[in-house]
Asks: 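Quick one: structure below, then a few questions.
Both backbone and side-chain heavy atoms feed into the values below; hydrogens, waters and symmetry mates do not. Since the model is a prediction, treat every value here as computed from it, not as a measurement.
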Amino acid sequence: MILIVRILAGALAAFWLAGGALVLGHVVSVGSVEAAVPLGVLMAGNGVALALVASLVLRGRPLVDHAGVLLFAANAALSLTDQIGILDLLSFTLSAALVVLVLIEGRSLRRAQSP
């Protein structure tokens, strides 16, 4: 299960990193040129944060697991805040699944570690 969480979180991170790169490279139009830079940086930053969490979550540190759940939950919520398209639904689905999986697996890990 931990490997599945890492793969899904890594895929979500790659999705946001690629999206940020496409916006910063002006391959994808987001309206004005002035909006492209901050939006691309935020998208790429989200990808970096997700990649970091993907590598650190479910290693026996509850604080990191909780931070991961918060990041995945925020990502899910933000995926539904504007015009909802297929990519928003994909991001929401992956993020929501990761929230559930990290909560379940984190609980299992803590039970296994308790005496």
Side-chain angles (χ1 to χ4, degrees):
M1 178 84 79
I2 294 171
L3 181 60
I4 292 170
V5 168
R6 292 196 198 292
I7 290 169
L8 290 176
L12 189 60
F15 170 81
W16 282 101
L17 282 167
L22 291 172
V23 170
L24 285 171
H26 303 290
V27 175
V28 175
S29 175
V30 292
S32 69
V33 175
E34 295 83 26
V37 173
L39 182 61
V41 168
L42 287 172
M43 291 172 76
N46 187 34
V48 169
L50 288 165
L52 182 64
V53 167
S55 67
L56 296 176
V57 76
L58 299 176
R59 293 190 186 264
R61 288 174 263 164
L63 183 61
V64 174
D65 293 348
H66 294 308
V69 167
L70 288 174
L71 179 62
F72 297 139
N75 200 59
L78 291 172
S79 294
L80 300 178
T81 57
D82 61 352
Q83 296 174 336
I84 299 173
I86 190 72
L87 295 178
D88 296 304
L89 290 175
L90 175 66
S91 177
F92 171 78
T93 303
L94 277 174
S95 299
L98 283 163
V99 167
V100 172
L101 290 172
V102 171
L103 286 173
I104 290 170
E105 191 61 24
R107 176 178 261 179
S108 296
L109 285 174
R110 284 189 290 288
R111 280 188 189 154
Q113 291 174 347
S114 65

Asks: Would you compute the distance between atom CD1 of Ile2 and atom CD1 of Ile7 and round it to the nearest 0.5 angstrom?
Replies: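 So the gap between those two atoms works out to 12.0 Å.
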Asks: If you take all heavy atoms of Ala36 and Leu24, which pair is closest and at what distance?
Replies: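 Shortest heavy-atom contact: O-CD2, 4.1 Å.
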Asks: With hydrophobic residues grouped by side-chain heavy-atom distances under 4.5 Å, do Leu56 and Val99 end up in a single group?
Replies: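 Different hydrophobic clusters.
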Asks: Working to the nearest 0.5 Å, report the span between CH2 of Trp16 and OG of Ser79.
Replies: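 The distance works out to 5.5 Å.
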Asks: Could you grab the distance from atom CG of Leu58 to atom CE of Met1, nearest 0.5 Å is fine?
Replies: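 Going from CG on Leu58 over to CE on Met1, the span is 9.5 Å.
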Asks: Do other residues, nucleotides or ligands put more than 12 heavy atoms under 6.0 Å from Arg61 CZ?
Replies: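 More than 12 heavy atoms, drawn from other residues, nucleotides or ligands, come within 6.0 Å of this atom.
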Asks: Got a second to check how far Phe15's CZ is from Leu50's CG, nearest 0.5 Å?
Replies: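 The distance works out to 10.5 Å.
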Asks: Do Val48 and Leu42 belong to the same hydrophobic cluster, where Ile, Leu, Val, Met, Phe, Trp and Tyr are linked whenever their side-chain heavy atoms lie under 4.5 Å apart, directly or via other members?
Replies: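 Shared cluster, no.
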Asks: Which atom pair, heavy atoms only, marks the closest approach of Asp65 to Val102?
Replies: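 Distance-wise, the nearest heavy atoms are O-CG1, 3.9 Å.
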Asks: Check for me, please, whether Leu8 and Leu90 land in the same ILVMFWY cluster - side-chain distances under 4.5 Å, paths through other members count.
Replies: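 Same cluster: Leu8 reaches Leu90 through Ile, Leu, Val, Met, Phe, Trp or Tyr contacts under 4.5 Å.
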Asks: Can you tell me how far the OG1 atom of Thr93 sits from the CD1 atom of Ile86, to the nearest 0.5 Å?
Replies: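 So the OG1 of Thr93 and the CD1 of Ile86 are separated by 8.5 Å.
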Asks: Please check if Val5 and Leu70 belong to a single hydrophobic cluster, counting links between Ile, Leu, Val, Met, Phe, Trp and Tyr side chain heavy atoms closer than 4.5 Å.
Replies: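 In one cluster: no.
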Asks: Where do Pro62 and Gly60 come nearest, in terms of heavy atoms and distance?
Replies: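 Minimum heavy-atom separation between Pro62 and Gly60: CD-O, 3.4 Å.
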Asks: Could you give the distance from CG (Leu98) to CZ (Arg6), rounded to the nearest 0.5 Å?
Replies: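 Here the rounded value is 11.5 Å.
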Asks: Going hydrophobic residue to hydrophobic residue with side-chain gaps under 4.5 angstrom, can you get from Val37 over to Leu22?
Replies: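 No, because Val37 and Leu22 fall into different hydrophobic clusters, even though each may have its own neighbours under 4.5 Å.
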Asks: If you take all heavy atoms of Leu71 and Val53, which pair is closest and at what distance?
Replies: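 Minimum heavy-atom contact is CD2-CG2, 3.6 Å.
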Asks: Could you list the cluster mates of Val100? Members are the ILVMFWY residues connected by side-chain heavy atoms closer than 4.5 Å, either directly or through other members.
Replies: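 Ile104, all in the cluster of Val100.
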Asks: Please report the shortest heavy-atom distance between Phe72 and Ala9, naming the atom on each side.
Replies: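 For Phe72 versus Ala9, the nearest heavy atoms are CZ-CB, 4.0 Å.
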Asks: Show which residues join Phe92 in its hydrophobic cluster (side-chain heavy-atom contacts under 4.5 Å, direct or indirect), or state none.
Replies: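 When side chains under 4.5 Å apart are linked, the cluster holding Phe92 also contains Leu80, Ile84, Leu89.
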Asks: Excluding sequence neighbours, so at least two apart, what forms side chain to side chain donor-acceptor pair (under 3.5 Å) with Asn46?
Replies: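 Counting only residues at least two positions away or on another chain, Asn46 forms a side chain to side chain donor-acceptor pair (under 3.5 Å) with Asn75.
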Asks: So which atom in Val23 and which in Met43 form the shortest heavy-atom distance, rounded to 0.1 Å?
Replies: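 Smallest interatomic distance, heavy atoms only, reads CG2-SD, 3.8 Å.
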